[in-house]
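Just so you know, ligand 1 is whichever comes first in the structure, and atom 1 is the first atom listed for that ligand. On a predicted model such as this, the values are computed, not experimentally measured, just so you know.
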Amino acid sequence: MTLQTANAPEARSGLVARFDLARDIAQESGTVALDYFRRRKELTIEVKGGLQDVVSIADRNVETLIRERIAAAFPDDGILGEEHGLEESGSGYTWVVDPIDGTSAFVHGHSNWCVSIALLYKGDLAAGVIRVPCDDETFAAMTGAGATLNGMPLKLDASMTLQNSLTGIGANHAIPPERVGALISGLMAAGGNYIRTGSGAQMLAMVAAGRLAGFHEPSMHAWDCLAGYCLVSEAGGRYRPFPVNGEAILESGPVLAAGPGAFEALSALADEGEHPGTR
Ligand code: IPD
Ligand code: CA
Ligand code: CA
């Protein structure tokens with residue numbers, strides 16, 4: 001959505017209603033997920049793409065709950081969720097949902113996982129909400145209205161750099177391990193240091209909150225990054241666009257976002273990792 005379109009009164013009221021719903025759903029589904037987390041020893045863990053890529057009934061049922069809440073309020077909206085696929089939109093709005101981002105962390109008893117809910121309007125980012133139940137934190141942003149953490153405004157500090165702050169680096173088995181090594185060594189050679197939680201979406205929220213200078217992962221999906229991108233952008237940071245038109249929304253691609261003082265440097269490191277020796 002262009003800002004003009006987003007700010008048209010009729011579009012704005014539809015968006016505000018959905019943003020309110022997104023925060024309610026994130027809270028409710030986060031509570032349900034937290035209950036599964038506390039009973040995680042009872043869950044059957046299924047392997048998806050390999051032993052490092054797992055899922056459980058918690059992921060599926062939390063996504064089902066989110067879908068039911070959206071469909072009850074806005075039956076013509078589209079929904080893309082990691083676990084149950086894409087339903088096309090009849091209204092122009094598409095919700096992009098990761099019911100549990102950080103499933104590996106979740107099943108192994110680490111607290112850093114979250115519910116991630118993004119909203120697109122005609123292909124443009126309109127809102128993003130990330131709920132981290134174990135920390136009782138809700139990050140929320142709507143295009144043109146700023147970003148908040150538990151209701152407090154977030155504003156990025158341009159003095160944060162790769163050198164004076166931590167940088168989030170994510171990785172999965174879709175990319176060669178050497179590339180992860182090159183990214184981390186490039187960052188450390190530049191005087192920075194890396195950190196990783198179990199959840200890329202949570203790390204993007206941490207960028208928006210000024211806890212990380214930036215975040216990069218070479219291969220992720222729309223449901224991993226779009227809510228975090230809205231948060232970072234509304235907090236005053238920058239991101240590399242993720243293609244969402246047509247079938248592209250189902251594909252994986254690089255994810256990168258950072259505060260204004262670290263974006264160029266992190267982008268250069270990511271490019272160097274993708275095409276070694278080109279700088
Ligand atoms: C994963 C997490 C992880 C990242 C992976 C993602 P999931 O999502 O965000 O931090 O490294 O690339 O797939 O599978 O836990 O929803
Ligand atoms: Ca995910
Ligand atoms: Ca997930």
Side-chain angles (χ1 to χ4, degrees), residues 25-26 29-30 32-34 36-37 40 43 45-67 79-86 95-118 128-134 139 166-177 179-181 183-184 194-208 211-212 214-229 231-232 239-240 242 249-257 270 273:
I25 296 176
S29 56
V32 171
L34 185 59
Y36 277 116
F37 180 67
R40 63 191 172 277
L43 298 174
I45 310 306
E46 299 159 49
V47 168
K48 281 211 290 194
L51 289 174
Q52 297 287 342
D53 184 10
V54 292
V55 70
S56 81
I57 195 74
D59 303 71
R60 295 202 186 93
N61 286 356
V62 172
E63 184 171 319
T64 299
L65 171 70
I66 295 170
R67 284 174 177 267
I79 309 177
L80 169 64
E82 179 176 13
E83 308 304 337
H84 299 303
L86 176 64
W95 300 71
V96 183
V97 171
D98 194 339
I100 297 177
D101 185 69
T103 297
S104 278
F106 182 103
V107 301
H108 294 300
H110 299 272
S111 59
N112 39 55
W113 52 270
C114 62
V115 178
S116 177
I117 300 175
V129 178
I130 289 179
R131 171 75 186 157
V132 187
C134 291
F139 302 82
L166 291 167
T167 299
I169 300 289
N172 57 40
H173 284 82
I175 56 156
R179 182 137 164 232
V180 188
L183 258 176
I184 290 173
Y194 67 94
I195 194 163
R196 167 176 205 177
T197 79
S199 161
Q202 185 199 19
M203 285 190 276
L204 286 165
M206 287 183 175
V207 175
R211 297 176 191 165
L212 297 176
F215 169 75
H216 174 52
E217 176 157 343
S219 177
M220 296 182 100
H221 285 90
W223 49 78
D224 300 310
C225 70
L226 292 182
Y229 271 7
L231 289 162
V232 171
Y239 61 86
R240 281 195 170 178
F242 192 95
I249 199 168
L250 300 171
E251 304 295 324
S252 57
V255 168
L256 190 150

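- Residue contacts with ligand 1, taken as heavy atom pairs separated by less than 4.0 Å, involve A171 solely via the backbone atoms N, CA, C and O.
- Ligand-side atoms of ligand 1 in range of R196: 3 (C), 4 (C), 10 (O), 11 (O), range being under 4.0 angstrom from any heavy atom.
- Checking G102 against the Ca ion (ligand 3), every N/O/S atom stays at or beyond the 3.0 Å cut-off.
- Rounding to the nearest 0.5 Å places CE of M220 at 6.5 Å from CG of L204.
- In the vicinity of S199, heavy-atom distances shorter than 4.0 Å reach the ligand 1 atoms 10 (O).
- Only side-chain heavy atoms of D224 come within less than 4.0 Å of ligand 1; its backbone N, CA, C and O stay farther off.
- The nearest N, O or S atom of D101 is closer to the Ca ion (ligand 2) than 3.0 Å.
- Between the choices G198, G170, S219, the shortest heavy-atom distance to atom 10 (O) of ligand 1 belongs to G198.
- Residue contacts with ligand 1 for M203 are absent, since no atom lies close enough (heavy atoms, distance under 4.0 Å).
- Within ligand 1, counting atoms from 1 as listed, the ones closer than 4.0 Å to a heavy atom of D98 are 16 (O).
- Between T167 and Y194, the closest side-chain pair of non-hydrogen atoms is not below 4.5 Å.
- By the 3.5 Å distance cut-off applied to N or O atoms, T197 is not counted among the residues near ligand 1.
- E217 pairs in a side chain to side chain contact (heavy atoms under 4.5 Å, CB included) with only one of the listed residues (N172, L256, I169), which is N172.
- Between the side chain of R179 and the backbone N or O of A171, no donor-acceptor pair lies under 3.5 Å.
- Summary: OE1 is the N/O/S atom of E82 found nearest to the Ca ion (ligand 3).
- Close approach of ligand 1 to M220 (heavy-atom distance below 4.0 Å) involves ligand atoms 9 (O).
- Looking at D98 and the Ca ion (ligand 3) together, the shortest N, O or S contact belongs to OD1.
- Looking at D224, its N, O or S atom nearest to the Ca ion (ligand 2) turns out to be OD1.
- Contact analysis leaves D59 out of contact with ligand 1, as no non-hydrogen atom separation drops below 4.0 angstrom.
- Remark: the backbone N or O of P99 is not paired with any side-chain donor or acceptor of E83 at under 3.5 angstrom.
- Separating the CZ atom in R196 from the CG atom in N112 is a distance of 9.5 Å, to the nearest 0.5 Å.
- A donor-acceptor pair under 3.5 Å is absent between the side-chain atoms of R67 and the main chain of T64, judged by distance alone.
- When the heavy-atom distances from atom 15 (O) of ligand 1 to A105, G102, C114 are ranked, the shortest goes to G102.
- Proximity of a side-chain donor or acceptor of D224 to a complementary backbone N or O of D101 within less than 3.5 Å is not detected.
- Below 4.0 Å from some heavy atom of I100 lie the following atoms of ligand 1, by number and element: 16 (O).
- By the 4.5 Å heavy-atom criterion applied to side chains, F37 and C134 are counted as neighbours.
- Two residues are said to be in side-chain contact when any heavy atoms from C-beta on lie closer than 4.5 Å; L65 and N61 fail this criterion.
- The residue from E217, H221, H173 that puts a heavy atom closest to atom 4 (C) of ligand 1 is E217.
- Every heavy atom of Q202 sits 4.0 Å or more from the atoms of ligand 1.
- Between the side chain of H216 and the main chain of V255, a donor-acceptor pair closer than 3.5 Å is present.
- Here the side chains of E82 and H221 are not in contact, with every heavy-atom distance at 4.5 Å or above.
- When each atom of ligand 1 is checked for a heavy atom of T103 under 4.0 Å away, the hits are 15 (O).
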